Amino acid sequence: MTETFINRDHLAALAASFGVTLDETALDRFDAYARLLCAWNEKINLTAITAPEEIVVKHFADSLSLLQVAGLPQNAALIDVGTGAGFPGLALKIARPDLRVTLLDSTKKKLTVLADVSRALGLSVELLHLRAEDAGRQPAFREQFDVAAARAVANLRELAEYCLPFVKVGGRFLAMKSAKTDAELEEAKAAVRLLGGKTAAVHPVALYEAGARTVIEIEKVSPTPALYPRPSAKIARFPLK
Ligand code: SAM
């Protein structure tokens, strides 16, 4: 048997603690993903997390924790906004191949990596090289997704303007955040409402040795007004309040 790169048992146990069963195919794919991530990271700066054990906990398990807090329906359409090296979107696709996953990022080289990795893993995902605020105005993407997820992209007030336009009414926006979110949530309240959202829940996530995290779950209760998302300069200079 070839040596594995990651500790598969640890990943399987962390996933199980979130109620996620990873079969052999998924574990093989995670192993290959970690190898490719490290190989690509030698050429371009993708992630500061490069030790296999840290990749398991801080990238893979953290991404999978979304499945614990938000049961995603079979075949749900999910867009990962500012996916970077594929977190959480590509990790979710490995665990749940039924999901229809779109990975969006404004940085071309990240999409090049994701094209290589998804091909190597034999997974079909949609790759979008666009800024979120441009994609969110296009009819092909606007209000087309059951779920928009994002990790480490922007503060919630801006992130809501990037993400909520993608979500169908009745769908959800899931923002993966650090442990303390009270102030950020308060600051984003008006923006969330204006964009057609309603905060449904704030889920604490225990990421074991990597500490606590939070997933903010926002429900889309009405269509996003046509005015949003605004151009990037406006979003940055005049945050919604
Ligand atoms: N979500 C990944 C993770 O948690 O590992 C990547 C996080 S990285 C810090 C932020 C990513 O968001 C970068 O890849 C960046 O190119 C992308 N990004 C930032 N603003 C964006 C925007 N307006 N539209 C699309 N992508 C954006």
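Counting starts at 1 for both ligands and their atoms, in listed order. It should be emphasised that the depicted structure is a prediction, and the values quoted were computed from it without experimental measurement. Basis for what follows: all heavy atoms, side chains included, without hydrogens, waters or symmetry-related copies.
The protein atom (non-hydrogen) at minimum distance from atom 19 (C) of ligand 1 is Val153 CG1, 3.9 Å. The protein non-hydrogen atom at the shortest distance from atom 16 (O) of ligand 1 is Asp105 OD1, 2.6 Å.
Look at Val81 and you'll find every heavy atom at least 4.0 Å from all atoms of ligand 1.
When each atom of ligand 1 is checked for a heavy atom of Gly84 under 4.0 Å away, the hits are 6 (C), 14 (O). Shown in contact with Ser106 at under 4.0 Å from a heavy atom are these atoms of ligand 1, numbered in order with element: 16 (O), 18 (N), 21 (C), 25 (C), 26 (N), 27 (C). Within ligand 1, counting atoms from 1 as listed, the ones closer than 4.0 Å to a heavy atom of Leu130 are 25 (C). Residue-ligand proximity, Lys110 to ligand 1, at heavy-atom distances under 4.0 Å covers atoms 13 (C), 14 (O). The ligand atoms of ligand 1 that sit less than 4.0 angstrom from a heavy atom of Tyr162 are 23 (N). Those atoms of ligand 1 that come under 4.0 Å of a heavy atom in Leu104, given as number and element, are 25 (C). Remark: ligand 1 atoms within the under-4.0 Å shell around heavy atoms of Thr107 are 16 (O).
Classification of Glu133 and Lys234 as a salt-bridged pair fails, no side-chain N sitting under 4.0 Å from a carboxylate O.
The main-chain N or O of Lys109 is never found under 3.5 Å from a side-chain atom of Thr107 such that the two would form a donor-acceptor pair. The backbone N or O of Gly171 lies less than 3.5 Å from no partner atom in the side chain of Asp146, so there is not a single donor-acceptor pair. Remark: side-chain polar atoms of Glu161 are paired, donor with acceptor, to backbone N or O of Arg230 under 3.5 angstrom. Under the 3.5 Å distance criterion, the side-chain polar atoms of Arg96 are matched with a main-chain donor or acceptor of Pro73. Looking at Arg137, its side chain does come within 3.5 Å of a backbone N or O of Pro229 through a donor-acceptor pair. Within the 3.5 Å criterion, the main-chain N or O of Arg142 finds a donor-acceptor partner in the side chain of Gln144.
Considering backbone and side-chain atoms alike, Ala132 places an N or O below 3.5 Å from some N or O of ligand 1. Residue-to-ligand polar distances keep His59 apart from ligand 1: every N/O pair is separated by 3.5 Å or more. In terms of polar-atom proximity, defined here as any N/O pair under 3.5 Å, Phe87 does make such a contact with ligand 1.
Between Phe60 and Phe30, the angle of the ring planes lies from 30° to 60°, which puts this pair in the tilted group. Using a 30° and 60° split on the angle between ring planes, Phe145 and Phe166 fall in the perpendicular class, above 60°.
Of the candidates Glu133, Arg151, Lys108, Glu161, Glu133 brings a heavy atom nearest to atom 23 (N) of ligand 1.
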